[in-house]
Amino acid sequence: MATLDLDVPAHEHAARMRAGDYTARALAEATLARIRAQEPALHAYVTITEELARAQADAADARLRAGDAAPLVGIPVGVKDLLCTRGVRTTASSRMLERFVPFYDCTVVERLQAAGAVIVGKTNLDEFAMGSSTEHSAFGPTRNPWDLERVPGGSSGGSAATVAARGVPISLGTDTGGSIRQPAALCGILGLKPTYGRVSRYGVVAFASSLDQVGPFGRDAEDVANLLGAIAGHDERDSTTVPVPVPDYTAGFARGLAGLRVGVPEQFLERGLGPGVREAIEEAIAVFEHAGAIIDRSVALPTAGAALAVYYIIAPSEASANLARYDGVKYGFAVTDGASVEAEMSETRGRGFGSEVKRRIMLGTYALSAGYYDAYYLKAQKVRTVITREFESAFAEHDVILTPTSPTTAFRLGEKLEDPYAMYLNDLFTIPVNISGDPAISIPCGFADGLPVGLQLIGRHFDEATLLAAANAYGEATDAGKASPAALP
Ligand code: GLN
């Protein structure tokens, strides 16, 4: 009989609960207690959903008693506060939605519930998912469990930090330009951005609709695979989801790394990497090679370097349109004592949005305005197509492409806050993949100066299974990702 140990992965909890070692309710109570104890230091959550968690845990216990062996039954999960939850406020970490309580669940939350998961809270993020450090939350920053003076990355920083701190075994984030992979890397856990169209965006607060995807965080590949399996698949309420079958993402785990054709584009290893990052990546490449993978360093993605520029036209343009709905009339924060409707609207937006969100709205409105549309937006869309084709041709000869996830390890709170461009550079390696729509995973691959380094594997459209099989094999071949941060309750 195993005792209740919060440090084990979700699949281990599932096995122990099925064996009758402890109940989902007991796991939920222990999880809530740990989260409450960690919150003063970490601030990973905007809202802790104690009552919901208890009700879902009791329902999970009924399913366990009935012999339900689905992998997420009774498993505690944190959900980014960008995902609409019925009856639970959904803030996007913005004053604008501080008191917004949705009357419906987004599709992925519905699917989590159908899978038997237990939602313990809504995690902190950069306001409307704009940022790379979680410092742009209107409710204060989340801290990195490896070093509380440093950021956890972002925008899904709360979801990454709570998994790294062993608060919950798994969580959900969203990734528009790197917001799952970069915080996964900075917190030393796994995070996967699915192929665009793999997971429903219905009920997810929109940032840049042609780039946004929901995806899983976990501490091993099996947990990430099971969580992806639960949320993926066609949804008639999101016409951009693709009706292709969802495989069992753990089915290929026996494959290992032998014969895996890995492209390593040199250009991603040359550009401004922080100390120790290249070394950690090179060591990981050696592990791949030792396990039988075929490494090819001649792969070229010549236009990928333009992806950051393309992103900062397309993402703000889409954001400026998506965020037009926060006008003080429909829902959310509203100033109602102005001299005119126009004055009220501009006060509402002036006070409801933080500075980074305003910066994006201005950038996007400018790029879409008459006379500039062709020069910026249309041009960016053309370059987007070129980047997508370059990835396609790289995948003719490679199964995966390997890069660092982020140029640096976790930086100090405040370090990049006054310099938006320095903040944007965090996503140099992750953004090309949102532009192309391909899936990608960040895997912990060691440490530089005591801080986690992440390795990114990019795959073909809808081939998350290969990424997960490779992540699993790499995880089994090394100790990377098994250490845990010290000194948290
Ligand atoms: N850091 C990038 C941005 O600020 C990406 C954010 C995201 O993926 N949501 O836009």
Side-chain angles (χ1 to χ4, degrees), residues 79-83 92-94 123-137 141-142 151-160 171-187 191-196 199 201 204-217 307-320 322-323 353-364 367 380 405-408 410-411 415-417 419-442 454 456 458:
V79 171
K80 188 177 186 175
D81 204 20
L82 197 65
L83 274 51
S93 286
S94 179
T123 60
N124 197 17
L125 63 144
D126 286 296
E127 184 176 5
F128 286 101
M130 297 172 187
S132 300
S133 68
T134 317
E135 292 169 293
H136 292 304
S137 167
T142 297
V151 303
S155 64
S156 314
S159 289
S171 65
L172 288 180
T174 66
D175 190 313
T176 304
S179 281
I180 292 173
R181 292 160 287 159
Q182 185 257 10
L186 271 47
C187 289
L192 184 142
K193 180 197 85 77
T195 311
Y196 185 80
V199 176
R201 291 178 296 108
V204 181
V205 176
F207 166 9
S209 305
S210 78
L211 302 160
D212 300 341
Q213 273 294 290
V214 178
F217 288 100
L308 195 70
V310 166
Y311 176 87
Y312 278 99
I313 301 292
I314 291 176
S317 296
E318 294 183 11
S320 76
N322 275 327
L323 272 57
F353 289 135
S355 59
E356 184 60 28
V357 173
K358 287 182 203 164
R359 179 156 38 238
R360 305 292 178 103
I361 292 172
M362 285 190 281
L363 278 171
T405 304
S406 179
T408 68
F411 44 95
E415 196 179 316
K416 300 187 182 179
L417 213 45
D419 183 353
Y421 187 64
M423 192 71 93
Y424 297 170
L425 282 174
N426 272 288
D427 301 308
L428 200 57
F429 305 144
T430 48
I431 277 178
V433 191
N434 300 80
I435 297 298
S436 69
D438 295 309
I441 191 168
S442 180
Q456 175 174 240
I458 308 165

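Atoms within each ligand, like the ligands themselves, are counted from 1 in listed order.
Counting heavy atoms under 4.0 Å from ligand 1, residue Thr176 touches it through both backbone and side chain. Of the heavy atoms in Phe128, none comes closer than 4.0 Å to ligand 1.
Atoms of ligand 1 lying under 4.0 Å from any heavy atom of Ala129, numbered from 1 in the order shown and given with element: 6 (C), 7 (C), 9 (N). Numbered from 1 in the order shown, with element, the atoms of ligand 1 that lie under 4.0 Å from a heavy atom of Tyr312 read 2 (C), 3 (C), 4 (O), 10 (O). In summary, the atoms of ligand 1 found under 4.0 Å from a heavy atom of Ser155, numbered by their order in the structure, are 9 (N). Using a 4.0 Å cut-off to heavy atoms of Gly177, the atoms of ligand 1 that qualify are 5 (C), 7 (C), 8 (O).
Between Phe207 and ligand 1, no pair of N/O atoms sits closer than 3.5 Å. Annotation: Tyr311 places an N or O atom under 3.5 Å from an N or O atom of ligand 1; distance criterion only. For a threshold of 3.5 Å applied to N or O pairs, the pair formed by Met130 and ligand 1 contains no separation below that value. Looking at Arg360 next to ligand 1, an N or O pair under 3.5 Å apart turns up. The shortest N/O to N/O separation between Gly178 and ligand 1 falls below 3.5 Å.
The nearest heavy-atom contact from the protein to atom 7 (C) of ligand 1 is Ser179 OG, 2.4 Å. At the shortest separation from atom 2 (C) of ligand 1 among protein heavy atoms lies Asp427 OD2, 3.1 Å.
Counting heavy atoms from C-beta outward, Phe353 and Leu323 have side chains that approach closer than 4.5 Å. Counting heavy atoms from C-beta on, the side chains of Glu135 and Met423 come closer than 4.5 Å. Asp212 places none of its side-chain heavy atoms less than 4.5 Å from the side chain of Val204.
What you find for Ser133 and Pro152 is that their closest heavy atoms are O-CD, 3.5 Å. Heavy atoms only, all atoms of each residue included: Leu428 and Leu308 are closest at CD1-CD2, 4.1 Å.
In this structure, Leu425 CG and Thr408 OG1 are separated by 10.0 Å, a value rounded to the nearest 0.5 Å. With rounding to the nearest 0.5 angstrom, the CZ atom of Arg360 is 10.5 Å from the OG atom of Ser355.
The side chain to side chain contact (heavy atoms under 4.5 Å, CB included) test with Leu82 is passed by exactly one of Leu125, Asp126, Leu172: Leu125. Screening Ser155, Ser93, Ser159, Ser171 against Lys80 for a side chain to side chain donor-acceptor pair (under 3.5 Å) leaves a single residue, Ser155.
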